[in-house]
Amino acid sequence: MADLLEVNELTRFFDMGNGELCHAVDKISLSIAEKEIVGLVGESGSGKSTFGKTVLGLHSKTSGTVKFRGETLPQQYRPADFQRLAGKMQMIFQDPYSSLNPRMTVGEIVAEGIRLHPQLNSAGIKERVAEWLVKVGLQADHMSRYPHEFSGGQRQRIGIARALILAPEFVVCDEPISALDVSVQAQVVNLLGELKESMGLTLLFIAHDLSMVRYVSDRMAVMYLGSLVEIGKADELYFDPKHPYTEVLIGSNPEPDPEFERSRPSTAIRGEIPSPVNVPAGCRFASRCEKVMDVCRQVTPPLLQLKDLDRQVACHLYR
Amino acid sequence: MSAAVADTKNASTLLEVENLAVEFDTYGGTVQAVRGVNFTVQAGKTLAIVGESGCGKSVTVQSMMGLIPMPPGRITAGSARLRGQEILGRTLVDGREIRGSQIGMIFQDPMTSLNPTMTIGKQIAEPLQVHRGYSAKKAFARAIELLEMSKIPEAAKRASQYPFEFSGGMLQRAMIAMAISCKPSILIADEPTTALDVTIQAQILDLLQDLQKETGMAIVLITHDLGVVARMADEVAVMYAGKIVEHGSVDDVFYRSAHPYTLGLKLAMPNNDPSRQHTLQPIEGSPPDLFSPPLGCGYCARCPYAMQLCCSKHPQEFVMSGAHYSRCWLHHAAALSKPEELYFSATQGDQ
């Protein structure tokens with residue numbers, strides 16, 4: 001499979017004033033093959049969403065490159081770039097309550113993309129919108145209603161229709177199910193799965209629900225404090241984590257199985273994620289790591305391929 | 001009183017809630033948020049109340065704490081007795097001897113539940129001054145000890161800081177310190193970890209378990225996360241559309257699920273058992289409108305096994321064994337289909 005998206009040492013810093021830099025995303029390299037789903041997990045504040053937005057150009061890049069089908073995308077998008085790339089790359093947002101304009105009807109929200117890409121007349125647009133509303137499990141006559149008339153799950157479907165109506169090739173799903181109830185999460189995940197199959201989509205699936213990410217993704221990537229610590233096949237990574245942070249993260253994930261929960265020791269980690277402002281040298285996880293060595297505090301471990309496993313880990317234990 | 005409640009009623013029963021019903025008047029009509037809920041809380045045990053948003057789980061515990069705004073809220077029926085003493089329907093002042101003193105509560109969103117203009121130490125000290133008559137100085141010193149109990153490093157320094165200087169996990173610890181300050185016999189935790197990361201969630205759950213071991217308090221844990229339930233609970237009550245549809249020990253509810261909704265929830269979640277791969281089966285549709293709740297079972301519109309009777313008559317509690325019961329007509333002796341996925345008791349029938 002050819003790589004659809006190639007991210008190379010992508011970095012995004014935010015200037016906090018007073019000479020302080022927030023290292024939100026720091027030199028992340030990641031390739032996503034065509035029709036692949038890559039799940040991105042990490043604690044809040046680890047830079048998952050910033051990474052997704054920077055890849056799409058919603059944030060300008062501090063350094064590094066993003067290549068889409070071999071084409072290097074601009075460092076900072078101008079309106080024309082958004083116009084051109086919106087048909088290829090789209091985003092589904094986390095909060096279905098704040099990401100839809102309450103003053104626009106559902107029809108206007110979903111049609112906005114194709115109105116800006118004028119191949120269709122207004123009747124054609126309406127037809128297309130109706131078709132998409134049905135595709136995401138709503139009804140065509142919902143078009144004239146406003147977002148507040150819908151439940152969270154239905155709003156997320158509207159968000160999906162808005163993102164996919166331009167038939168993009170690559171979609172960033174930024175926590176698309178975190179705001180939803182368990183029974184509705186499965187509806188949305190299955191819908192995304194079906195659309196992915198029928199449209200041949202490539203997805204970057206950002207979430208903090210580890211079980212769901214394992215279920216959805218082909219490959220899984222773990223972020224900590226702006227850097228990528230481990231990436232590998234979703235199942236392998238989940239059941240056999242190599243990086244100490246991944247181990248802790250997966251160990252903290254409560255499983256819906258009382259016997260299993262009783263039998264396993266608590267793996268709660270000490271401390272909290274440090275501030276990403278002016279990060280010191282060395283491994284970023286060193287301050288919380290159980291297996292920390294002297295070298296960890298001085299040298300930043302690069303993301304390296306493991307010998308006999310399809311896995312990349314950024315940890316001195318595996319050098 | 002139902003048979004299930006009677007069976008478990010013994011010396012260790014701390015709290016007994018019977019037939020609780022709560023309504024809210026809104027412009028759109030009257031919402032019947034809680035429609036007859038029975039449960040008991042045993043000393044030193046954890047009861048988890050599980051359900052999706054809008055099922056009435058928070059309203060249930062808020063009404064016990066006297067936190068329902070009235071009007072528009074109204075407790076229309078039922079009783080809740082703490083060691084035999086009625087706690088429902090108390091006024092604001094009258095309720096103080098219960099609220100914060102015998103029952104402590106922690107809330108979902110620690111950021112908005114604490115007073116931003118008071119230092120953490122003073123906020124923790126306040127209940128001690130109100131309920132225990134401590135002097136300000138003595139209460140503040142105790143607050144520092146409580147912060148230490150909640151495993152907050154540098155407690156003395158932290159006590160004189162404001163909430164904005166704390167992270168979400170730390171605030172939740174501070175709130176736990178406040179809730180346990182008067183040594184309550186019951187701690188109500190309303191979605192205590194929903195706003196937190198899994199790593200911090202694990203820390204908070206560990207803390208709650210440690211404190212329970214130390215103080216012997218009972219915990220009522222409200223959550224929608226079955227993983228958290230499996231980890232924490234002794235007993236589980238599954239709520240749907242304002243009623244408890246299944247109740248039992250954690251093993252009963254997880255391994256011998258007797259209500260289609262419990263089963264539906266389990267199948268809608270990814271399972272991390274590598275030997276078993278299943279596709280997610282969503283529960284189609286959405287919960288019923290509680291402005292005009294269905295005549296019969298609240299779940300009948302979404303239930304794959306629904307029978308004619310289900311939509312017209314509300315099922316009673318069918319006892320599986322001991323405290324394990326399910327409100328589902330499939331357990332009636334006359335029900336024709338007995339789906340394999342569901343657990344059926346050997347001694348079946350109308351009891």
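Just so it is clear: chains get the letters A, B, ... in the order the sequence lines come, proteins before strands, and each one is counted from 1.
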Side chain, backbone, both or neither of [X] within contact of chain A (heavy atoms, under 4.5 Å):
| X | result |
| --- | --- |
| B:Val229 | neither |
| B:Met232 | neither |
| B:Leu265 | both |

- Query: Looking at B:Gly54, B:Pro270, B:Ser286, B:Ala202, which has the largest count of heavy-atom pairs under 4.5 Å with chain A?
  - Reply: B:Pro270
Looking only at heavy atoms, what is the nearest atom pair of [X] and [Y], with distance?
| X | Y | result |
| --- | --- | --- |
| A:Phe260 | B:Tyr255 | N-OH, 4.4 Å |
| B:Gln201 | A:Pro254 | NE2-CG, 3.2 Å |
| B:Asp251 | A:Pro258 | OD1-CB, 3.6 Å |

- Query: Between CD1 of A:Ile273 and CG of B:Asp197, what distance do you get to the nearest 0.5 Å?
  - Reply: 7.5 Å
- Atom OG1 of B:Thr199 and atom OH of A:Tyr224: how far apart are they, to the nearest 0.5 Å? 8.5 Å
- Item | Toward chain B, the part of A:Arg264 with a non-hydrogen atom under 4.5 Å | neither
- Item | For A:Ser183, the option from B:Gln281, B:Glu52, B:Glu284 that meets side-chain hydrogen bond (donor to acceptor under 3.5 Å, both in side chains) | B:Glu52
- Just jot down the side-chain hydrogen bond (donor to acceptor under 3.5 Å, both in side chains) partners of A:Ser211, sequence neighbours excluded, or say none. A:Asn253, B:Asn272
- Query: Any side-chain heavy atom of B:Val250 sitting closer than 4.5 Å to one from A:Arg262?
  - Reply: yes
- Could you give me the CA-CA distance, side-chain angles and deciding distance for A:Val182 and B:Leu226, then say whether side chain to side chain contact (heavy atoms under 4.5 Å, CB included) is met? CA-CA 9 Å; A:Val182 177; B:Leu226 289 180; 5.9 Å; no
Residues from [range] approaching chain B under 4.5 Å (heavy atoms):
| range | result |
| --- | --- |
| residues 185-194 of chain A | A:Ala186, A:Gln187, A:Val189, A:Asn190 |
| residues 149-160 of chain A | none |
| residues 39-46 of chain A | A:Glu43, A:Ser44 |

- Message: Given 3.5 Å as the limit, does a donor-acceptor pair link the side chain of A:Tyr215 with the main chain of B:Thr279, or not?
- Response: no
- Task: Please say whether more than 12 non-hydrogen atoms of neighbouring residues, nucleotides or ligands are located less than 6.0 Å from NZ in B:Lys45.
- Result: no
- Query: For atom CD of B:Glu214, is the number of surrounding heavy atoms from other residues, nucleotides or ligands below 6.0 Å larger than 12?
  - Reply: yes
- Message: Any salt bridge linking B:Arg231 with A:Asp257? Criterion: basic side-chain nitrogen under 4.0 Å from a carboxylate oxygen.
- Response: no
